[in-house]
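The chain is numbered in sequence order, starting from 1. Bear in mind the structure is a predicted one, so any value in this text is a computation, not a measurement.
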Amino acid sequence: MKITVLSHNLSSNAAMRAHRLALAATQFAEVKLIGPVERQGLWPALPPEPWIATSPERRLPRFAHAW
């Protein structure tokens with residue numbers, strides 16, 4: 001099973017909530033956490049994971065079409 005967790009911003013603390021959800025899902029599925037990232041980069045507390053993917057697009061609908 002594959003699960004994609006979508007975060008509205010990987011540069012803010014909201015990324016940690018999405019990360020925890022994705023981390024829990026890794027117990028039973030292949031997971032990818034995706035979301036836009038601002039110039040300052042990923043949220044500093046976010047652990048580096050190979051299943052996190054970023055997008056330079058910040059707004060819909062372009063963000064949806066980036067994937």
Side-chain angles (χ1 to χ4, degrees):
M1 178 184 335
K2 293 183 180 184
I3 295 176
T4 301
V5 177
L6 178 63
S7 175
H8 76 283
N9 187 349
L10 292 177
S11 297
S12 72
N13 65 351
M16 288 306 294
R17 290 186 287 275
H19 179 266
R20 287 191 177 114
L21 179 63
L23 190 60
T26 62
Q27 301 299 312
F28 58 86
E30 182 181 332
V31 176
K32 183 173 256 190
L33 171 60
I34 63 171
V37 65
E38 296 174 4
R39 283 192 182 120
Q40 68 264 26
L42 292 172
W43 182 252
L46 192 64
E49 304 280 5
W51 40 266
I52 296 176
T54 62
S55 170
E57 298 293 344
R58 290 184 227 139
R59 300 266 186 224
L60 285 169
R62 290 183 304 191
F63 173 73
H65 294 296
W67 298 101

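- Between His8 and Pro36, the shortest heavy-atom contact is O-CG, 3.2 Å.
- The shortest heavy-atom contact between Val31 and Ala22 is CG1-CB, 3.6 Å.
- Remark: Asn9 CG to Leu42 CG distance equals 10.0 Å, nearest 0.5 Å.
- Among Leu33, Val37, Val5, Ile34, the single residue meeting the side-chain contact (heavy atoms from CB on, under 4.5 Å) criterion with Ile52 is Leu33.
- Separation of atoms CG (Leu10) and CE (Met16) is listed at 11.5 Å; rounding is to 0.5 Å.
- Pairs passing the ring-ring contact (aromatic ring centres under 6.0 Å, His included) check and including a residue from residues 21-44, sequence neighbours excluded, do not occur.
- Residue pairs that meet the side-chain hydrogen bond (donor to acceptor under 3.5 Å, both in side chains) test with at least one member in residues 11-28, sequence neighbours left out, are His19-Glu49.
- Residues Ala15 and Ser7 come closest through the heavy atom pair CA-OG, 4.2 Å.
- Residues Ala29 and Ile3 share a closest heavy-atom pair of CB-CD1, 3.7 Å.
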